[in-house]
Visitor: 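This is the structure, below, for whatever I ask next.
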Amino acid sequence: MTQYQPQEIEPKWQRAWAEAKAAVVDLRAAGTRFYMLNMFPYPSGDLHVGHGRNYILGDVLYRFFRMQGRVALNPMGWDAFGLPAENAAIKRGIHPRQWTLGNIERMKRQFERWGILYDWSKELASCEPEYYRWNQWLFLQLYEKGLAYRGKAPVNWCPQDQTVLANEQVIDGRCERCGAEVVQRELEQWFLKITDYADRLDAGLDDLAEWPEKVKLMQRNWIGRSVGADIEFPVPSLGRPIRVFTTRPDTVFGATFMVLAPEHPEVAALIADHPDRAAVGRWIAEIRNQSALERQEAGKEGRFTGKFAVNPFTKQEIPIWLGNFVLMQYGTGAIMSVPAHDQRDFEFAKQYGLDIRIVIQPGDSDAPASAAELEEAFTVKDASAVIIDSGLITGLPVPEAIERISDEIERLGLGKKTIRYRLRDWLISRQRYWGTPIPMIYCDRCGLVPVPESDLPVQLPLDVPFTGREGNPLAKHEAFVNVKCPQCGGAARRETDTMDTFVDSSWYYARFISAGDASQIFDSKLVNRWLPVDQYIGGIEHAILHLLYARFICRAMHDLGLLRHEEPFRRLFNQAMITKEGYRDPSSHNAWVALDEVEWREGKPYRGSVELTPEVGKMSKSRFNVVAPDELIERYGADTQRVYTLFIAPPEKEAAWSDEGVIGAYRFLGRVWHLGHQILETVGAPVSSPAPKPPAAVLRKLHQTIDAVTRRFERFEFNTAVSALMELSNVLGEHAAEHAAALRESYLVLVQMLHPFAPHMTEELWSAFGEKGFVLTSSWPVADAALMREETVTIVVQVNGKLRGQIEVPNPPAEEVVMAEVKKNERVQGWVAGKEVVRTIYVPGKLVNVVVR
RNA sequence: GCGAAAGUGGCGGAACUGGCAGACGCGCUGGACUUAGGAUCCAGUGGCCCUCAAGCCGUGCGGGUUCGAGUCCCGCCUUUCGCACCA
């Protein structure tokens with residue numbers, strides 16, 4: 001009997017697909033499109049089984065939709081700029097480009113060995129001028145529209161990576177990449193004005209019906225939309241008011257003091273004649289030098305300015321304080337403090353002995369609480385809370401009071417209703433070499449001058465030294481830095497900052513449609529046909545970062561008239577990572593970001609990935625215990641890895657890799673293989689005479705399986721899809737000895753359904769059976785509903801264990817079948833054909849209606 | 001603290017709208033073939049009871065709804081994941 005030898009089969013079919021250009025798709029071909037996309041990876045070098053899950057999943061889906069007759073596109077590219085390449089250059093003296101291209105080659109090879117089909121005719125790498133020139137072009141369009149600007153702001157500086165970071169790249173006060181504590185610095189940097197799109201990005205989430213709720217929630221929280229009002233509090237000593245933002249204008253009668261951020265522009269004027277000005281100044285300087293993390297850890301702290309504002313509603317003078325907990329970046333950098341109804345204000349007031357005035361109480365309490373007895377702020381804001389002692393809004397429930405007082409604020413010209421967002425502008429400049437040069441020039445005479453489109457791309461010079469010291473190596477490249485001003489022709493300097501690599505990745509999905517087009521960023525007509533991406537797959541770690549940026553840039557491109565859609569990804573799926581030996585391998589879920597340094601927590605690697613040695617091309621297994629795909633493929637084949645990876649758990653769930661478990665997938669494939677050859681030996685490859693009909697049980701199972709597998713594909717339930725195929729294979733196996741010849745057709749249907757999971761083996765079997773073409777290009781089987789059931793069934797109903805009724809009916813019965821009378825508390829059981837359960841609907845005291853499931 | 005998701009055998013996990021809990025697979029036990037097997041095949045495998053049959057108990061804990069609850073409702077406990085002075 002022919003042995004199952006994946007090592008021989010797999011390379012053969014990989015070659016065959018490549019030669020046939022099986023995945024190359026004509027984007028103008030007629031038909032229903034299916035744009036399948038995996039988040040393009042950072043080419044860190046090697047991939048292990050955790051990465052495999054991501055790409056295998058995509059490939060399985062791609063093959064499925066293709067067999068379903070869709071014109072399917074499955075492209076792949078490389079998020080090829082980034083820090084690890086530069087760090088490798090510093091450490092080992094390899095040029096980032098060489099390091100990156102070498103890794104790309106290795107990863108491509110790995111994809112091939114997994115049997116993943118990509119349309120390589122559309123490949124792109126963000127580090128090539130061919131790609132990044134359009135990055136620069138897009139930047140210039142945004143600059144013209146005022147969506148890219150240079151501005152001074154307190155920014156996050158990573159001392160380890162020697163660069164600034166976007167807010168989204170700071171996690172718990174630490175650099176997302178290296179884990180170093182981030183410090184605040186006041187620097188002039190390049191920003192993209194994502195805040196202009198805050199409302200649209202928030203509202204657009206409602207339309208993303210096929211995105212995980214979790215991701216939408218995270219984005220919503222990140223954007224942080226809050227509805228409230230700006231109110232101006234007069235400050236007599238200043239001669240001008242200070243504006244505050246509040247989401248609770250209904251509490252304004254309880255505002256007993258005001259707190260400003262230490263960075264607030266009015267602070268200098270307010271403390272100018274402070275008796276202890278020097279001490280307050282030192283305190284402010286101290287706070288300003290603290291990182292966000294340090295500020296929070298310090299607890300609440302404040303200083304009295306000595307000045308007062310006037311509460312415009314109570315007309316009371318209220319002291320103006322400075323506080324370390326008020327953020328300049330949010331709202332107006334100033335708050336009205338209502339200690340009775342805001343926990344932070346409450347704590348601050350208690351600490352410094354400030355007035356507390358109660359203006360809201362639970363609607364069901366008649367005795368007003370006393371401020372002195374208050375143990376925490378009363379923050380209820382639904383209709384159960386009622387306003388007291390507040391002039392025109394007294395007696396109103398909170399929601400109504402908010403409306404009423406907001407109108408009044410506008411009527412009196414004290415301020416206006418406002419919507420504010422937590423989201424801040426996207427800081428995109430990086431003081432690093434390996435990235436897209438920002439196409440701007442500084443001229444002493446003309447100021448900031450954009451590089452003319454005709455001069456694009458601004459090429460990243462390759463001949464730079466990598467010392468790892470003294471900042472960005474680009475700044476030392478004379479030929480790059482010194483240019484003529486495009487406006488006046490005088491001597492000028494080039495911008496040496498490069499772009500955040502998230503800019504590269506925020507529009508690449510559209511470039512695949514026109515990859516290699518030197519004349520334009522992409523062909524809008526084709527892009528309009530192919531966008532949005534039908535199925536996007538990647539790790540949850542980009543819930544905010546990449547996915548928010550991409551949504552923003554897509555809208556910006558929409559507004560530039562480049563494409564029709566506002567949302568880039570119609571359906572999103574986040575696969576989870578694969579774990580091993582109880583610890584989390586961060587790089588397994590992190591297909592994009594290769595982390596170069598490892599942070600250890602409690603003796604385990606917490607953040608960071610394996611150090612890659614390009615010469616060997618293997619992960620350091622002893623240290624990290626990750627499963628390398630090479631060995632696995634050598635031993636069991638890629639098909640086994642594919643089947644096991646999908647069988648292990650639902651893909652959105654973390655899964656623990658088990659070396660023993662793999663054998664189950666291998667045995668399964670072996671059984672299918674041998675079953676095929678058993679059938680072949682009986683019938684011979686080409687069938688001349690009509691095949692005998694398979695047993696009814698086989699047919700029924702076959703069609704149930706087609707139905708189940710198809711449904712499960714659509715719902716990403718690959719683990720149970722595989723188990724359904726195992727069951728079918730078991731049933732076929734049971735009948736093989738007696739009815740081998742009759743099983744040929746059923747078996748081939750199994751082969752087809754198994755194809756997305758085990759493409760190599762199924763191609764081999766398909767051709768062994770004399771079928772023409774690839775399984776890949778055959779069509780997906782359709783279940784026959786009639787064959788999924790028996791023609792007639794016997795329904796048996798027992799009440800309290802005694803036979804109450806028995807009837808033979810057509811299957812499925814057209815109507816409900818009334819079977820028996822039962823009394824309350826009687827126990828009813830129903831059976832169909834001695835096996836399946838029927839559904840019974842109990843009508844108390846009367847009847848049992850039996851309906852076949 | 002706020003928000004979200006999840007708790008089922010020794011393990012990964014099934015169970016569509018409430019209807020035979022544990023599909024499928026791993027592991028384990030026994031057997032077959034073998035010089036041997038970590039290869040392959042067959043049988044068994046939630047717990048209790050000496051065995052079969054029968055029975056009883058079983059989906060984190062405590063209540064409830066229902067003829068019937070892993071599934072629905074209420075209250076806890078635990079775990080994981082987000083957010084965390086955002087006014």
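Hydrogens, waters and symmetry mates are skipped; everything else that's a heavy atom, side chains included, is used. In what follows, chains carry the letters A, B, and so on, assigned in the order in which the sequence lines appear, proteins first and then strands, with residues in each chain numbered from 1.
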Visitor: Side chain of A:Val326: nearest nucleotide among B:C83, B:C85, B:A87?
Guide: B:A87
Visitor: Given the P atoms of B:U80 and B:U8, what is the spacing between them in whole Å?
Guide: 14 Å
Visitor: Considering only atom P, compute the distance from B:C2 to B:G75 and round it to an integer number of Å.
Guide: 14 Å
Visitor: Grab the CD1-C1' distance between A:Ile335 and B:C85 for me, whole Å please.
Guide: 9 Å
Visitor: Calculate the interatomic distance between A:Arg248 atom CZ and B:A87 atom P; express it in whole Å.
Guide: 12 Å
Visitor: Specify the separation, in whole Å, of atom CG of A:Asn221 and atom P of B:A84.
Guide: 9 Å
Visitor: With P as the reference atom in both, quote the distance from B:C77 to B:G62 in angstrom, rounded to an integer.
Guide: 15 Å
Visitor: Let me know the distance between CG of A:Leu728 and P of B:C24, rounded to the nearest Å.
Guide: 13 Å
Visitor: What pattern of brackets, bars and dots sums up RNA chain B from 5' to 3', given Watson-Crick or G-U wobble pairs under 3.5 Å, [ ] for crossing pairs and | for another strand?
Guide: (((((((..(((......[....)))((((((.......))))))(((......)))..(((((..]....))))))))))))....
Visitor: Syn if the chi torsion is within 90° of 0, anti otherwise; quick check, which is B:G9?
Guide: syn
Visitor: Using side chain to side chain contact (heavy atoms under 4.5 Å, CB included) as the criterion, point out the one residue from A:Asp342, A:Val338, A:Ile231, A:Ile335 that pairs with A:Thr246.
Guide: A:Ile231
Visitor: Can we say A:Arg420 and A:Asp230 salt-bridge, meaning some charged N sits less than 4.0 Å from an Asp/Glu carboxylate O?
Guide: yes
Visitor: Between A:Phe348 and A:Lys300, is there a cation-pi geometry (under 6.0 Å to ring centre, at most 45° from the normal)?
Guide: no
Visitor: Show every salt bridge (charged side-chain N to carboxylate O under 4.0 Å, His left out) that has at least one partner inside residues 257-267 of chain A, sequence neighbours left out.
Guide: A:Arg240-A:Glu266, A:Glu263-A:Arg295
Visitor: In terms of side-chain geometry, is the basic nitrogen of A:Glu347 or A:Lys350 positioned less than 4.0 Å from the acidic oxygen of its partner?
Guide: no
Visitor: Can you measure from CG (A:Asn730) to CZ (A:Phe668) and round to the nearest 0.5 angstrom?
Guide: 8.0 Å
Visitor: Would you mind building the protein contact string for nucleotides 10-15 of chain B? One character per nucleotide, 5' to 3', B for base within reach (heavy atoms under 4.0 Å), S for sugar-phosphate only, - for untouched.
Guide: --BSS-
Visitor: Tell me whether A:Arg422 forms a cation-pi arrangement with A:Trp222, defined as NZ or CZ under 6.0 Å from the six-membered ring centre and within 45 degrees of its axis.
Guide: yes
Visitor: Quantified in whole Å, what is the P atom distance between nucleotide B:G22 and nucleotide B:G70?
Guide: 12 Å
Visitor: Please state the P separation for the pair B:A53 and B:G46 - nearest whole angstrom.
Guide: 13 Å
Visitor: Looking only at heavy atoms, what is the nearest atom pair of A:Ala198 and A:Leu423, with distance?
Guide: CB-CD2, 4.1 Å
